[in-house]
Amino acid sequence: MSFSSDVKEELEKVISGSRHCQLAELAAIIHLGCRIEMDESKDDKLTILSENPFVTRKYFTLLKKTFIIDDNAVKVLQAVKVLDERGHVNPLSEETNPLLIKNSCCRRAFLRGAFLCIGSMSDPQKGYHLEFVCENEAHAVQIQQVICSFEIDAKIVRRKKYYVVYLKEGAGIVDLLNVMGAHLSLMLLENLRVEKEVRNSINRQVNCEAANITKTVNAASKQIEDILLLQKSYGLSNLPDNLRQMAEVRLEHPESSLQELGEYLNPPVGKSGVNHRLRKLSEIAEKIKG
């Protein structure tokens with residue numbers, strides 16, 4: 001299964017202990033994963049739209065926990081405030097009644113139900129992206145507001161006829177998984193994030209070291225080229241003693257670092273002193289070239 005399916009499988013098994021939280025999650029599933037039908041007897045009937053088995057199982061689990069067997073669709077719709085006391089049906093395209101999600105625990109349950117119905121997540125090995133694909137703007141805005149109530153940044157984008165609530169930051173996705181109760185998926189994602197960060201850090205370090213090595217090799221090649229020019233056109237014996245000794249040491253140790261070159265001199269010289277002498281040799285070589 002995909003990582004997204006693993007998250008949904010875990011969320012399907014998370015059952016809130018309080019009835020008000022169960023109703024909040026059920027309300028999300030009804031608004032986002034059901035439709036209301038009227039038969040000839042005018043009795044309301046709820047039909048599951050999703051072919052996702054996690055949604056179907058969670059829907060019936062919540063029904064069994066929050067209602068008695070004899071309760072019909074009318075009582076269910078009244079409990080989730082889709083049907084009011086006058087028998088008026090509020091369209092499922094409207095947002096879930098805010099009274100059902102006024103508590104933090106209920107908002108967590110609501111997001112759990114929403115993700116089961118319309119949520120998805122990319123493979124974290126490839127990138128971080130979690131989204132809710134809504135058919136109307138009211139649902140998208142409500143989901144965004146609920147996510148933001150947990151201080152998690154979520155944005156909305158229009159994609160053809162859909163409104164998509166999305167998160168692209170790994171830290172925000174981890175926080176949302178925690179809010180929804182997907183703790184196993186959270187730990188797996190965190191492990192993958194740590195592995196990726198360590199790998200990226202190592203790659204950066206290797207690239208930096210490789211760049212430094214390349215820079216050092218190029219500088220040494222230029223120094224040796226200049227010294228060979230001086231040897232041929234000017235004569236190293238005509239140089240001041242400190243520069244002559246520096247030129248001879250560089251030719252003898254072409255692969256050595258500045259610090260190592262300084263240790264070969266008599267008396268030894270620090271890196272800055274070696275760099276200064278090599279720069280003087282290059283300046284003389286440039287004058288000869290000119």
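These figures come from a predicted structure and were not determined experimentally.
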Does the side-chain contact (heavy atoms from CB on, under 4.5 Å) test come out yes or no for Leu176 and Leu111, once each step is laid out? CA-CA 9 Å; Leu176 183 57; Leu111 289 174; 3.9 Å; yes
Show, in sequence, the C-alpha distance, side-chain angles and deciding distance for Lys222 and Glu286, and conclude whether the salt bridge (Lys or Arg N to Asp or Glu O under 4.0 Å) test is met. CA-CA 11 Å; Lys222 176 66 166 54; Glu286 289 299 323; 3.4 Å; yes
Test side-chain contact (heavy atoms from CB on, under 4.5 Å) on Ile15 and Lys58 and set out the steps. CA-CA 9 Å; Ile15 307 296; Lys58 190 61 171 288; 3.4 Å; yes
Going through the checks in order, is the side-chain contact (heavy atoms from CB on, under 4.5 Å) test met by Gln231 and Leu228? CA-CA 5 Å; Gln231 188 178 48; Leu228 290 175; 3.7 Å; yes
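Counting only heavy atoms from C-beta outward, the side chains of Val179 and Arg112 never approach each other to under 4.5 Å. Counting heavy atoms from C-beta on, the side chains of Leu261 and Met246 come closer than 4.5 Å. Between Asn90 and Asn97 there is no side-chain heavy-atom pair separated by less than 4.5 Å.
Both Leu177 and Leu192 are assigned to one and the same hydrophobic cluster, defined by single-linkage of ILVMFWY side chains at heavy-atom distances under 4.5 Å. With hydrophobic clusters built from ILVMFWY side chains whose heavy atoms lie under 4.5 angstrom apart, Phe67 shares a cluster with Val82.
Environment of CD in Glu255: sparse, with no more than 12 heavy atoms of neighbouring residues, nucleotides or ligands closer than 6.0 Å. The environment of Glu135 atom CD is sparse: at most 12 non-hydrogen atoms of other residues, nucleotides or ligands sit within 6.0 angstrom.
Sorted by first and then second residue, the side-chain hydrogen bond (donor to acceptor under 3.5 Å, both in side chains) pairs with a member in residues 189-199 read Glu190-Arg193; sequence neighbours excluded. Listed by first and then second residue, the side-chain hydrogen bond (donor to acceptor under 3.5 Å, both in side chains) pairs involving residues 148-157 are Arg107-Ser149, Asp153-Lys155 (not counting sequence neighbours). Pairs of residues two or more places apart, or lying in two chains, that qualify as salt bridge (Lys or Arg N to Asp or Glu O under 4.0 Å) and include a residue from residues 158-182 are Glu131-Arg159. The side-chain hydrogen bond (donor to acceptor under 3.5 Å, both in side chains) pairs that include a residue from residues 236-245 are Arg244-Glu248, where partners are two or more places apart or lie in different chains.
Put simply, CD1 on Ile147 and CD on Gln142 are 11.0 Å apart, with the number rounded to the nearest 0.5 Å. Separating the CZ atom in Arg279 from the CD atom in Gln223 is a distance of 10.5 Å, to the nearest 0.5 Å.
Each of Leu243, Asp226, Leu236 was evaluated against Leu281; a single residue qualifies, Leu243, per the side-chain contact (heavy atoms from CB on, under 4.5 Å) test.
Judged by distance alone, the side chains of Gln22 and Thr66 never bring a donor and an acceptor atom under 3.5 Å apart.
His253 is linked by a ring pair (Phe, Tyr, Trp, His ring centres under 6.0 Å) to Tyr264, counting only residues two or more places apart in sequence or in another chain. Residues satisfying the ring pair (Phe, Tyr, Trp, His ring centres under 6.0 Å) test with Phe132, not counting sequence neighbours, are Phe115.
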